[in-house]
Amino acid sequence: MQMEQELHASNPTPPSPPQGGVGPARLAILLSGRGSNMLALAEAVRTGVLHGLAEIAVVFSNDPAAGGLDAAAELGLPTASLTSRGRKREEFDREVVAILQGYQPDYIVLAGYMRVLSPVFVRAFAGRIINIHPADTHQHQGLHAYECAFDNRLPETKITVHLVDEGLDTGPILAQRVVNLSGADTLAEVQRRGLAVEHQLYAETIRELLNKNA
Ligand code: GAR
């Protein structure tokens with residue numbers, strides 16, 4: 001079987017020259033799925049708390065069929081993808097780093113990017129990778145946090161935004177916000193409440209980080 005290793009890229013706006021700390025911070029948003037967090041960030045850049053502070057350099061996916069890529073392209077954002085299927089983690093990450101570097105990102109923003117990052121990736125962007133997680137990363141790491149909250153009828157979850165280090169959801173926490181789950185009697189309702197908080201908290205936390213590092 002031949003592996004599909006093709007890079008797909010659309011780039012309606014060519015990368016800006018390096019800003020040298022002046023001008024909006026360039027975000028590379030990485031996703032694997034529908035991209036609701038990406039859309040919320042794009043809206044925050046367009047008219048919300050990130051307006052004038054950040055711009056989206058590229059939306060990248062490890063799945064060329066991810067719905068979030070189409071959504072980004074519809075907004076006119078540059079997109080790129082490379083399938084991770086059948087690829088060795090380090091080798092794949094090395095290629096992704098090279099692709100992303102072509103867009104000169106200041107920050108890598110994980111928004112439902114369902115990959116464990118290898119040290120190759122983390123070291124390439126050390127201290128500049130941000131993730132959002134649907135639970136307290138001290139309590140629950142990895143996938144299926146909403147499912148876990150629902151299955152165990154937890155009274156709340158704590159959305160966490162953190163810097164990414166070489167561990168699985170172990171990096172320094174930037175912000176957390178509690179989501180009240182009482183009375184949420186379907187998984188869809190748990191996710192609805194959680195995502196509503198994610199969409200606000202992510203943009204607000206990135207804003208604080210950019211202001212702090214300005
Ligand atoms: C979000 O709930 C995000 O917190 C989660 O994936 C979802 C992506 O949704 N991330 C993780 O679980 C990372 N461990 P989206 O594609 O609609 O933004």
Side-chain angles (χ1 to χ4, degrees), residues 27-46 48-50 54 56 58-75 77 79-81 84 89 93 96 107-118 121-122 125 129-152 154 156-181 184 186-206 209:
L27 311 181
I29 301 182
L30 275 53
L31 54 78
S32 301
R34 73 196 149 195
S36 72
N37 275 288
M38 177 278 297
L39 286 172
L41 291 173
E43 192 55 26
V45 166
R46 205 174 66 84
V49 296
L50 292 174
I56 297 176
V58 66
V59 176
F60 173 85
S61 183
N62 65 310
D63 177 3
L69 277 182
D70 292 336
E74 270 173 37
L75 294 179
L77 297 172
T79 62
S81 65
S84 55
R89 191 174 303 283
D93 277 359
V96 176
Y107 291 90
I108 307 295
V109 178
L110 307 182
Y113 189 61
M114 299 309 189
R115 302 271 308 161
V116 175
L117 299 176
S118 66
F121 192 109
V122 176
F125 301 108
I129 310 173
I130 314 161
N131 184 42
I132 188 158
H133 186 70
D136 184 342
T137 45
H138 293 138
Q139 305 290 331
H140 180 107
Q141 301 82 31
L143 300 175
H144 310 307
Y146 286 135
E147 286 83 348
C148 176
F150 177 64
D151 290 345
N152 293 294
L154 298 183
E156 62 181 40
T157 189
K158 208 185 262 180
I159 306 299
T160 304
V161 179
H162 64 97
L163 290 174
V164 174
D165 63 12
E166 291 184 27
L168 176 63
D169 296 330
T170 52
I173 291 173
L174 297 173
Q176 291 188 308
R177 193 167 292 167
V178 169
V179 183
N180 181 353
L181 297 180
T186 61
L187 175 59
E189 175 61 10
V190 168
Q191 287 175 330
R192 191 192 65 74
R193 292 188 196 181
L195 283 166
V197 172
E198 288 190 39
H199 295 163
Q200 282 196 353
L201 184 65
Y202 214 1
E204 288 170 12
T205 308
I206 291 172
L209 184 71

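In this chain, numbering begins with 1 at the start of the sequence shown. All ligand and atom numbering here is 1-based and tracks the order in the structure. As a basis for the values below, the full set of heavy atoms in this structure was taken, side chains included, without hydrogen atoms, waters or symmetry mates.
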At a 4.0 angstrom heavy-atom cut-off, what protein residues surround ligand 1?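 Residue list for ligand 1: Arg34, Gly35, Ser36, Asn37, Gly112, Met114, Ile132, His133, Pro134, Gly142, Tyr146, Leu195, Glu198.
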
Quick one, Gln176 with His162, criterion side-chain contact (heavy atoms from CB on, under 4.5 Å). Give me CA distance, side-chain angles, the key distance, then yes/no. CA-CA 9 Å; Gln176 291 188 308; His162 64 97; over 6 Å; no

Results of side chain to side chain contact (heavy atoms under 4.5 Å, CB included) for Phe125 - residues two or more places apart only: Val97, Leu100, Gln101, Pro105, Ile108, Phe121, Arg128, Ile129

Go through the structure and list residues passing side chain to side chain contact (heavy atoms under 4.5 Å, CB included) with Glu189, not counting sequence neighbours.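 Partners of Glu189 under the side chain to side chain contact (heavy atoms under 4.5 Å, CB included) test: Ala184, Thr186, Arg192, Arg193.
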
Glu156 versus Asn180, side-chain donor and acceptor atoms under 3.5 Å: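 Side-chain D/A pair, Asn180 to Glu156: absent.
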
Any pair with a residue in residues 107-116 that passes salt bridge (charged side-chain N to carboxylate O under 4.0 Å, His left out), sequence neighbours left out, goes on the list, sorted by first then second residue, please. none

Min side-chain heavy-atom separation Ile130-Val164 under 4.5 Å: no

